[in-house]
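Below: the structure, in structure tokens.
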Amino acid sequence: MMSHDLSKPMLIKLEHAFFARPAHELAPDLIGKILVRTLRGTPVRARIVETEAYVGTHDLASHASKGLTERTKIMYGPAGRAYVYLIYGMYDMFNIVAAGLDDPQAVLIRAAEPLDGWAVDLAGPGKLARGLEITRALNGIDLTSDDLYLMANSADQPTVVATPRIGIDYAQEWKDQLLRFVDVNSPALSNRKGLPARVGLI
DNA sequence: GCGTCGATGGCA
DNA sequence: GCCATCGACGCG
């Protein structure tokens, strides 16, 4: 008979099916998940604390609003791959493709807490990609690969709050949609504006 | 603490 | 001409 110690947290690798749903559902569910990046043969881990959903061609903040182009074509493919692009000439942005074929949705990973005593600043999408060495060379990579994958921690039940997305003031009626998701108790958010100073027994 | 600004290159 | 950003600088 197998024994199960339910007091022990379970770490389970996320498979493709986890990512194959609308970005507005996937994005909050990614808070508290663990990113594993293999660098020079060694896995480093970080806990995701901030994400944003980009929900399709009608979303004026999404690159997919430009339709199918050389840059956006990865979002039209299967869920669970990386969409990595360059912004401001110097920062790579790491996104996870969501939804299904020909439904171009994605989740931007904006901040994480390094684990295992690893001292690195991952509080912001540019810093996160730099710290994890995620560049455009990884655009299209399958996120169940050993180089970069995700894990669920059954013991981690973060308090998730939705806010407007950052840096998309041009997106008209989309700029106020509550499509950014944060673990309100994390010290590693990119930006704390609009959040309660602290969350206790409110 | 907060506002402003420049870096820097791919994209449509 | 614009960016799904960051870090440096100047306030007082």
Side-chain angles (χ1 to χ4, degrees), chain A residues 19 22-31 33 35 46 48-77 79-99 103-114 119-141 143 148 150 160-183 186-198:
Chain A
F19 305 103
H24 77 269
E25 293 178 15
L26 176 61
D29 228 20
L30 284 168
I31 303 300
K33 300 297 187 288
L35 260 178
I48 296 171
V49 297
E50 177 177 341
T51 61
E52 282 177 0
Y54 289 83
V55 300
T57 57
H58 53 303
D59 177 358
L60 294 179
S62 175
H63 296 163
S65 66
K66 302 288 187 187
L68 177 60
T69 69
E70 191 56 32
R71 177 165 72 163
T72 63
K73 67 181 182 186
I74 184 64
M75 285 195 279
Y76 286 77
R81 293 184 180 174
Y83 168 42
V84 187
Y85 66 89
L86 183 73
I87 191 67
Y88 300 117
M90 56 189 102
Y91 299 105
D92 288 296
M93 299 281 106
F94 170 48
N95 299 252
I96 295 176
V97 176
D103 186 359
Q105 303 194 39
V107 176
L108 172 65
I109 308 302
R110 289 189 56 90
E113 298 168 353
V120 65
D121 182 1
L122 305 176
K127 290 187 281 187
L128 181 141
R130 179 192 299 163
L132 294 172
E133 299 183 31
I134 296 171
T135 70
R136 283 166 293 162
L138 293 186
N139 188 40
I141 192 179
L143 293 175
L148 183 60
L150 291 93
V160 178
V161 162
T163 83
R165 294 172 290 183
I166 306 287
I168 53 137
D169 287 350
Y170 60 87
Q172 303 176 45
E173 71 270 22
W174 286 91
K175 84 177 168 64
D176 298 315
Q177 291 274 324
L178 302 179
L179 291 172
R180 172 174 173 249
F181 303 92
V182 302
D183 171 356
S186 175
L189 302 180
S190 70
N191 176 326
R192 215 157 239 291
K193 285 196 282 288
L195 294 179
R198 99 197 158 108

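As the structure is a computational prediction, the values presented were derived from the model and not from experiment. Residue numbers start from 1 in every chain, and the chains themselves are labelled A, B, ... in the order their sequence lines are given, proteins ahead of strands.
Taking atom CG of residue A:L68 and atom C1' of nucleotide B:dC11, one finds them 15 Å apart after rounding to whole Å. If you take CD1 of A:I74 and P of B:dG10, they are 19 Å apart, rounded to a whole angstrom. The CZ-C1' distance, from A:R136 to C:dT5, rounds to 14 Å in whole Å. Rounded to whole Å, the distance from OH on A:Y54 to P on C:dC3 is 12 Å. Residue A:L60 contributes atom CG, which lies 12 Å from atom P of C:dA4 at whole-angstrom precision. Atom OH of A:Y85 and atom C1' of C:dC2 are 13 Å apart (whole Å). With rounding to whole Å, A:Y91 atom OH is found 15 Å from B:dG6 atom P. Protein atom OH of A:Y83 is 9 Å distant from nucleotide atom P of C:dA4, rounded to whole Å.
The partner of B:dT4, taking Watson-Crick or G-U wobble pairs whose two distances both stay under 3.5 Å, is C:dA8.
With A:F94 as the fixed residue, the side chain to side chain contact (heavy atoms under 4.5 Å, CB included) test singles out one of A:L138, A:L108, A:L148, A:N139: A:L148.
Among the heavy atoms of the strands lying under 4.0 Å from A:R71 are primed sugar atoms or P, OP1, OP2 only; no base atom is included. Using a 4.0 Å heavy-atom criterion, one finds that A:G126 contacts the sugar-phosphate atoms exclusively. Counting non-hydrogen atoms under 4.0 angstrom, A:I168 reaches the backbone sugars and phosphates but no base.
From A:Q172, atom CD reaches atom CD1 of A:I168 across 11.0 Å, with rounding to the nearest 0.5 Å. To the nearest 0.5 Å, atoms CG (A:L86) and CZ (A:R71) are separated by 9.0 Å.
Summary of the strand contacts: A:D121 and A:I166 both lie near DNA chain C, and taking for each the nucleotide with the nearest heavy atom, the more 5' one is attributed to A:I166. Closest-nucleotide positions on DNA chain B for A:M90 and A:L86 were compared, and the one nearer the 5' end corresponds to A:M90.
A donor-acceptor contact shorter than 3.5 Å links the side chain of A:E52 to the backbone of A:I166.
Using modelled atom types, one finds no donor on one side chain facing an acceptor on the other under 3.5 Å when comparing A:E50 with A:S186.
Under 4.0 angstrom from either OP1 or OP2 of B:dC11 there lies no side-chain N or O belonging to A:H63. OP1 or OP2 of C:dA4 lies within a sub-4.0 Å distance of a side-chain N or O belonging to A:Y170. When the side-chain nitrogen and oxygen atoms of A:R180 are compared with OP1 and OP2 of C:dA4, none of them lie within a distance under 4.0 Å. Between A:K127 and C:dG7, a side-chain N or O to OP1/OP2 separation shorter than 4.0 Å is present.
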